[in-house]
Every structure is written in C-alpha cells, then in structure tokens.
Amino acid sequence: MKKTIKAKVKLPRVAAIVRAWAKYKRTSLRKLSFKMGKSENYLYENMQGDDIRPSLLLILSEVLNANLFEHYTVLLPEDLQTTEREKLLQKKIESLETELEKIKEELKKTEAERDKYWEKIGR
C-alpha cells in the first residue's frame, strides 16, 4: 500500500477575500447570507478558518459574481493550473494566429500583384 503524501499548504484567507468582495459590492456577510436563503450569521459561522467547503465557494462565487476558486488554482503546480477550457482556447488562439499569418501573406502577394498591374497601365 502506498503511503500518502501530506503537503503543508498555506490556504488562502478566503474569509478575508469574501469580506473584501462583499465590501466592493457594497453588501455585508449578513446580507449575503440572506441572499443565499440562510440565517443572518450563516456565513460568519461557516467561514471560520481558511478551509471552506467547495459547495459554499460555488454559491458565494455565484452570489458575488467572482471566481473564488482562482485563489486555490495558484497553489497548484504550474503545469496543473490551466484548465481544459483554457487549453482549448489557447489552441484556438494559436490556430487563429496561424490563419492570420497566412492571410497577411496572401494580402502581401495580392498587393504586389496589384502594384504590378498599376505599373503596367501607367499609374
């Protein structure tokens, strides 16, 4: 049986992050709790410490319209930080850049041909 590796990772201070977002959105933890359909001290009680449940982060991300998981992805090794969606978008960008270069080359050829015709007709 393999031994699991426990890494000591300093988790982001999500409670402070949520409070900052609430302040930015001109609301409070109490109002956010009500908006989530919970009691007034729900968020205060559930955000004690830095290890917050993912389900709570999902709801808070939606309520605050902010990706609170982003603060966790930076803790991952660099090769794991990009999501599959980002990888697909990067491939699409590279494909579009290649296509753009081909179009620019075609434009240069067309302009050169046009210029030859203009020379022939005397302009």
- Contact summary for Lys25 and Leu64, nearest pair of heavy atoms: CE-O, 3.0 Å
- Query: Looking only at heavy atoms, which two atoms of Val14 and Tyr72 are closest? And how far apart?
  - Reply: CG2-OH, 2.9 Å
For [X], does the [atom1] atom sit with more than 12 other heavy atoms under 6.0 Å from it, leaving out its own atoms?
| X | atom1 | answer |
| --- | --- | --- |
| Glu45 | CD | yes |
| Tyr44 | OH | no |
| Arg114 | CZ | yes |
| Glu86 | CD | yes |
| Glu94 | CD | yes |
| Gln48 | CD | yes |

Could you state the interatomic distance from [atom1] ([X]) to [atom2] ([Y]), rounded to the nearest 0.5 Å?
| X | Y | atom1 | atom2 | result |
| --- | --- | --- | --- | --- |
| Lys92 | Glu99 | NZ | CD | 10.5 Å |
| Arg19 | Ser28 | CZ | OG | 11.0 Å |
| Tyr42 | Leu56 | OH | CG | 5.0 Å |
| Gln90 | Ser95 | CD | OG | 11.5 Å |
| Leu107 | Leu100 | CG | CG | 10.5 Å |

Do [X] and [Y] touch side chain to side chain, with heavy atoms closer than 4.5 Å?
| X | Y | answer |
| --- | --- | --- |
| Lys102 | Thr98 | yes |
| Met47 | Leu29 | yes |
| Leu60 | Ile52 | no |
| Leu58 | Phe69 | yes |

- Query: Do Ser61 side-chain atoms and Leu57 backbone N/O form a donor-acceptor pair below 3.5 Å?
  - Reply: yes
- Query: Is the side chain of Ser33 donor-acceptor paired with the backbone N or O of Leu43 at a distance under 3.5 Å, no angle test?
  - Reply: yes
- Message: Quiz question: by atom type and distance under 3.5 Å, do the side chains of Arg53 and Asn46 form a donor-acceptor pair?
- Response: yes
- Would Leu96 and Ile103 show up in the same hydrophobic cluster when neighbours are defined by side-chain heavy atoms closer than 4.5 Å? no
- Run the numbers on Met36 and Val63 for side chain to side chain contact (heavy atoms under 4.5 Å, CB included), then give the verdict. CA-CA 8 Å; Met36 295 167 57; Val63 170; 3.9 Å; yes
- Message: Using a strict threshold of under 4.0 Å (side-chain N to carboxylate O), is an ion pair present between Glu111 and Lys108?
- Response: no
